[in-house]
Amino acid sequence: MSNVILIGFMGCGKSTIGFRLSYKLRRVLEDTDKLIEKKEGISISDIFAQKGEDAFREMETDCLRELLLSQESKVIATGGGLPMKKENHPLLKALGTVVYLRISPESVWERLKGDTTRPLLQCDNPTAKIEELLQKRASVYEAAADIIVDVDGKDIEQVVAEILERVAEREERCQPHGSEQEAKV
């Protein structure tokens, strides 16, 4: 099994599900936001405030390129905006199986209404901002994904089980079978 990369909107569970998935697969979990914070020595909120969103998005692309250098199979949780940059799509695909954790705007708000650490939600009408961003991002997430898993109404274990099953099915379909290989020889 190659890397499993989790994409999706803020609050969909990439970090939480990534942690559980890494435990089940006995793999390291890498979180692109955490890697960037460690490298820069400041929080994502501070990067946005001090350097701007464009600089942060470039850091995300650089982070993907660095992850491509690793030979170890991992679970990788990405920032919600990372797939919005088209140049990141081939990097994501090269890393492994991309899983889009799809969530409704209502669920996002329910999960994040008390979270003050999300730069994009620090505005007058966060529910409208969530709906606007999700509407913009949904088709891009779908285009970047190999697998789409709906998370609304499911607990962590249900989502993890679905991911494991669907990733295994996909990898089985993508691998040549011995008898087919032998027949071609």
Check: Under the side chain to side chain contact (heavy atoms under 4.5 Å, CB included) criterion, do I76 and V4 qualify, and how do the steps go?
Finding: CA-CA 6 Å; I76 301 167; V4 177; over 6 Å; no

Next item on the list: Would you sort out whether V75 and I5 count as a side chain to side chain contact (heavy atoms under 4.5 Å, CB included), showing the intermediate values?
Entry: CA-CA 6 Å; V75 174; I5 302 98; over 6 Å; no

Next item on the list: Give the C-alpha distance, both sets of side-chain angles, the deciding distance and a yes or no for side chain to side chain contact (heavy atoms under 4.5 Å, CB included) between K24 and L164.
Entry: CA-CA 9 Å; K24 289 261 189 192; L164 291 171; 4.3 Å; yes

Next item on the list: Kindly indicate, with the supporting measurements, whether the criterion side chain to side chain contact (heavy atoms under 4.5 Å, CB included) is fulfilled by R173 and E169.
Entry: CA-CA 6 Å; R173 280 194 317 269; E169 286 170 1; 4.0 Å; yes

Return all side-chain donor-acceptor pairs below 3.5 angstrom for residues 33-41, not counting sequence neighbours, or 'none' if the list is empty.
unit_1: E37; atom_1: OE2; unit_2: I44; atom_2: N; d: 3.0
unit_1: K39; atom_1: NZ; unit_2: E66; atom_2: OE2; d: 2.8
unit_1: E40; atom_1: OE1; unit_2: K51; atom_2: NZ; d: 2.8

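Under the 4.5 Å side-chain heavy-atom criterion for grouping Ile, Leu, Val, Met, Phe, Trp and Tyr, I148 is connected to V151 within one hydrophobic cluster. Linking Ile, Leu, Val, Met, Phe, Trp and Tyr residues whenever their side-chain heavy atoms come within less than 4.5 Å leaves L134 and V140 in two separate clusters. The cluster map of Ile, Leu, Val, Met, Phe, Trp and Tyr, joined by side-chain heavy atoms under 4.5 Å apart, puts I156 and M10 in the same cluster. Put simply, V159 and L112 are part of the same group of oily side chains (I, L, V, M, F, W, Y) that touch within less than 4.5 Å, one to the next. Hydrophobic clustering places L68 together with L6 (ILVMFWY residues linked when any side-chain heavy atoms are closer than 4.5 Å, directly or through intermediates).
Within 6.0 Å of CD in Q135 there are 12 or fewer heavy atoms belonging to other residues, nucleotides or ligands. Applying the 6.0 Å contact sphere to CG of D54 captures no more than 12 heavy atoms from other residues, nucleotides or ligands.
One finds the CZ atom of F56 at 9.0 Å from the SG atom of C63 (value rounded to the nearest 0.5 Å). Taking CD of E87 as the start and CG of L64 as the end, the distance is 9.5 Å to the nearest 0.5 Å. L67 CG to L91 CG: the interatomic distance, rounded to the nearest 0.5 Å, is 10.0 Å. Atom CH2 of residue W109 and atom CD1 of residue I130 lie 6.0 Å apart, to the nearest 0.5 angstrom. Considering CG of L133 and CE of M84, their distance stands at 8.5 Å, rounded to 0.5 Å. Rounding to the nearest 0.5 angstrom, the gap separating the SG atom in C12 from the CG atom in L101 is 4.5 Å.
Judged by distance alone, the side chain of H89 and the main-chain N or O of P83 form a donor-acceptor pair under 3.5 Å. In this structure, N3 contributes its side chain and L95 its backbone to a donor-acceptor pair below 3.5 Å. Without hydrogens or angle criteria, Q158 side chain to D155 main chain gives a donor-acceptor distance under 3.5 Å. With D152 contributing its side chain and S104 its backbone, the two residues share a donor-acceptor pair below 3.5 Å. Using modelled atom types, one side-chain atom of S22 and one backbone atom of F19 make a donor-acceptor pair closer than 3.5 Å. Here the side chain of E171 pairs a donor or acceptor atom with the backbone of S2 at under 3.5 angstrom.
For the residue pair A144 and I7, the shortest heavy atom distance occurs at CB-CD1, 4.0 Å. Heavy atoms only, all atoms of each residue included: K74 and R27 are closest at O-NH1, 3.5 Å. Between E72 and V28 the shortest heavy-atom distance is OE2-CG2, 3.3 Å. Across all their heavy atoms, E131 and P105 have their closest contact at CG-CB, 3.7 Å.
A salt bridge between E60 and R57 is present, with a side-chain N of the basic residue lying under 4.0 Å from a carboxylate O of the acidic one.
The closest side-chain donor-acceptor pair between D146 and T97, if any, does not fall under 3.5 angstrom. T78 and K14 form no side-chain donor-acceptor contact under 3.5 Å, judged by distance and modelled atom types alone.
Looking only at side-chain heavy atoms (C-beta outward), T127 and V108 stay at 4.5 Å or farther from each other. K85 has its side chain within reach of T61: a pair of non-hydrogen atoms, C-beta onward, lies under 4.5 Å apart. In this structure the side chain of I147 never reaches within 4.5 angstrom of the side chain of V98, judged on heavy atoms.
Looking at residues two or more places apart in sequence or on another chain, you find a ring-ring contact (aromatic ring centres under 6.0 Å, His included) between Y141 and Y100. Annotation: side-chain hydrogen bond (donor to acceptor under 3.5 Å, both in side chains) contacts of R111 (sequence neighbours excluded): none.
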